[in-house]
Colleague: 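Following this message is one structure expressed as structure tokens.
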Amino acid sequence: MLHQSGSPLHAPVLQWYDVNARVLPWRDPSAGPWAVMVSEFMLQQTPVARVLPAYQRWMERWPTPADLAAEPPGEAVRAWDRLGYPRRALRLHAAAQAIVERHGGEVPDDHAALLDLPGVGTYTAAAIASFAFGQRHAVVDTNVRRVLARAITGVAQPTISPTAADLRLAVSALPSDEATAARWAVASMELGALVCTARTPRCADCPIRSQCAWVLAGSPPYDGPPRKGQTYEGTDRQVRGRLLAVLRSEQDAVPKKALDACWPDQVQRERALDGLVADGLVEPLPRNRYRLPA
DNA sequence: AAGGCGTGGAG
DNA sequence: TCTCCAAGCCT
């Protein structure tokens, strides 16, 4: 397949993608926008390998936004299983309801309309518009930021959090042709996921190693501010995870006593439970009982 | 506008 | 073992 584009990076990356793209269910031409949207929610901070089984079950059970919207949010939280960040399940459910109410049950193809949906930020809106509808958008995730940081800026790692400069760089790297831009979006992301990885980049396998500013500079090590390691043991996050695991496993309401058993520190346990209730992930019932939201 | 928000695999 | 980190979003 021939590719025409303005940057010398485009052709090699697009050709590499033609050969090396992973076969993923949400990339199947028959998958549709809802499949893309579900996958994008699940892939926010969760690796592909762990998403796959949950995604398959989800799409089998809820093949359309209306199917999901018709069920209580707690079912979404339960089906989310252990993907992590279960607020995403709640937001996906709320987004499905908004799609039914505002868009006749069809995932909108408009970037602004997508951005208005719960749980859809700049990245996800661009990803859906590009992957599902073939539009020209800068789809800037951590993979793309890393690829551009190395190939163009010439540094080992991108900035810790996305910046306006990252977006400008991504926009400037975008092919002008719409279809090519959409292809570039997936391709450059896939390159970051498979070759231009954070830890040990496989530069020997990289289609643009001869043009990579970072490689040409001698692959200098990262010298930015230290990245803060996220501790997990003993945090409220861990407690929330344990509480929710109990509630997911039970079909009906659970007595508070059962929740008390999962964490020794009462103060922290109460705080975590209150937080879950405030987030809408847990519903308190009379007589000291709790359940996933109905 | 930093910091909160889960979970588990890989090196 | 332990550290890093994986297609972010929201407040």
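Quick note: numbers below take in every heavy atom, side chains included, and nothing from hydrogens, waters or symmetry partners. Every chain is numbered from 1 and lettered A, B, ... according to where its sequence line falls, protein lines coming before strand lines.
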Colleague: Using a 3.5 Å distance criterion without hydrogens, assess whether the side chain of A:R291 forms a donor-acceptor pair with backbone atoms of A:E283.
Modeller: no

Colleague: For B:dG11 versus C:dA7, give the span between their P atoms, rounded off to a whole number of Å.
Modeller: 14 Å

Colleague: Looking for any heavy atom pair under 4.0 Å, which part of the strands does A:L24 touch: base, sugar-phosphate only, or nothing?
Modeller: base

Colleague: Can we say A:D260 and A:R269 salt-bridge, meaning some charged N sits less than 4.0 Å from an Asp/Glu carboxylate O?
Modeller: yes

Colleague: When all nucleic acid strands are considered with a 4.0 Å heavy-atom cut-off, which category describes A:T142: base, sugar-phosphate, or nothing?
Modeller: sugar-phosphate

Colleague: Taking only heavy atoms on the protein side, list every residue of residues 159-174 of chain A lying under 4.0 Å from any atom of DNA chain B, sorted numerically.
Modeller: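 Heavy-atom contacts with DNA chain B come from no residue of residues 159-174 of chain A; none.
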
Colleague: Share the residues that join A:L244 in a hydrophobic cluster, the rule being Ile, Leu, Val, Met, Phe, Trp or Tyr side chains under 4.5 Å apart at the heavy-atom level.
Modeller: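 A:L244 shares its hydrophobic cluster with A:V77, A:L90, A:V239, A:L243, A:V246, A:L247, A:V254, A:L259, A:W263, A:L273, A:L276, A:V277, A:L281, A:V282, A:Y290, A:L292.
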
Colleague: Do any N or O atoms from the side chain of A:T159 and from the backbone of A:P162 form a donor-acceptor pair under 3.5 angstrom?
Modeller: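 Here the side-chain-to-backbone pair does not exist.
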
Colleague: Say you pick atom C1' in B:dG9 and the same atom in C:dC9; how far apart are they, in whole Å?
Modeller: 23 Å

Colleague: Both conditions, 6.0 Å and 45 degrees, for the charged tip of A:R227 above the ring of A:Y222: are they met here?
Modeller: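 Yes, cation above the ring, under 6.0 Å and within 45°.
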
Colleague: I'd like to know if A:R136 pairs up with A:D177 as an ion pair, taking the criterion as any Lys NZ or Arg NE/NH1/NH2 lying under 4.0 Å from an Asp or Glu carboxylate oxygen.
Modeller: no

Colleague: Find which nucleotide of DNA chain C each of A:R146 and A:L117 is nearest to by heavy atoms, and output the residue with the more 5' nucleotide.
Modeller: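 Counting from the 5' end, the first nearest nucleotide belongs to A:R146.
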
Colleague: Of all residues at least two apart in sequence or in a different chain, which pass the salt bridge (Lys or Arg N to Asp or Glu O under 4.0 Å) check with A:R91?
Modeller: none

Colleague: Just to be sure I understand the rule, does A:A127 reach a base, reach only the sugar-phosphate, or reach nothing, if contact means heavy atoms closer than 4.0 Å?
Modeller: nothing

Colleague: Nearest whole Å is fine: how far is B:dC5 P from A:D274 CG?
Modeller: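 Answer to the nearest Å: 13 Å.
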
Colleague: Would you call A:E190 and A:R27 a salt bridge, taking side-chain N to carboxylate O under 4.0 Å as the test?
Modeller: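 Answer for the salt bridge query: yes.
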
Colleague: Is a donor on one side and an acceptor on the other found under 3.5 Å between the side chain of A:R248 and the backbone of A:R78?
Modeller: no

Colleague: Please work out if A:R145 contacts a base, only the sugar-phosphate, or nothing of the nucleic acid, heavy-atom cut-off 4.0 Å.
Modeller: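 No contact.
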
Colleague: Judged by each residue's nearest nucleotide on DNA chain C, which is more toward the 5′ side, A:P118 or A:Y123?
Modeller: A:Y123

Colleague: What range of DNA chain C does chain A touch, first nucleotide to last, counting atoms under 4.0 Å from its heavy atoms?
Modeller: C:dC4 to C:dC10

Colleague: Decide whether A:V139 and A:V186 are clustered together by the hydrophobic rule: side chain heavy atoms of Ile, Leu, Val, Met, Phe, Trp, Tyr closer than 4.5 Å, transitively.
Modeller: yes

Colleague: Need one value for A:R271: base, sugar-phosphate or nothing, where a base atom within 4.0 Å counts as base even if backbone is also close, heavy atoms only.
Modeller: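 If one applies the 4.0 Å heavy-atom cut-off, A:R271 turns out to touch nothing in the nucleic acid.
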
Colleague: I'd like to check the ring pair (Phe, Tyr, Trp, His ring centres under 6.0 Å) partners of A:W58; sequence neighbours left out, ordered by chain and number.
Modeller: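 Only A:W62, A:W80 meet the ring pair (Phe, Tyr, Trp, His ring centres under 6.0 Å) criterion with A:W58.
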
Colleague: For A:Y123 and A:Q44, does a side-chain donor sit closer than 3.5 Å to a side-chain acceptor?
Modeller: no

Colleague: Once you apply a heavy-atom cut-off of 4.0 Å, does A:W80 come out as touching a base, just sugar-phosphate, or nothing?
Modeller: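 The answer is nothing, as A:W80 stays clear of every strand by at least 4.0 Å.
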
Colleague: Identify each atom pair where a protein N or O and an N or O of nucleotides 6-11 of chain B are less than 3.5 Å apart, giving names and distance.
Modeller:
from: B:dG6; atom 1: OP2; to: A:R240; atom 2: NE; distance (Å): 2.3
from: B:dG6; atom 1: OP2; to: A:R240; atom 2: NH2; distance (Å): 3.3
from: B:dG6; atom 1: O4'; to: A:Y85; atom 2: N; distance (Å): 3.0
from: B:dG6; atom 1: N7; to: A:Y85; atom 2: OH; distance (Å): 3.4
from: B:dG6; atom 1: N7; to: A:R237; atom 2: NH2; distance (Å): 3.3
from: B:dG6; atom 1: O6; to: A:Y85; atom 2: OH; distance (Å): 3.1
from: B:dG6; atom 1: N1; to: A:Q45; atom 2: O; distance (Å): 3.3
from: B:dG6; atom 1: N2; to: A:Q45; atom 2: O; distance (Å): 3.2
from: B:dG6; atom 1: N2; to: A:T46; atom 2: OG1; distance (Å): 2.9
from: B:dG6; atom 1: N2; to: A:L83; atom 2: O; distance (Å): 2.9
from: B:dT7; atom 1: OP2; to: A:Y232; atom 2: OH; distance (Å): 3.3
from: B:dT7; atom 1: O2; to: A:R50; atom 2: NH2; distance (Å): 2.6
from: B:dG8; atom 1: OP1; to: A:R82; atom 2: NE; distance (Å): 2.6
from: B:dG8; atom 1: OP1; to: A:R82; atom 2: NH2; distance (Å): 2.8

Colleague: Remember a base hit wins even if backbone is also touched, and classify A:V144 as base, sugar-phosphate or nothing at under 4.0 Å, heavy atoms.
Modeller: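 If one applies the 4.0 Å heavy-atom cut-off, A:V144 turns out to touch nothing in the nucleic acid.
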
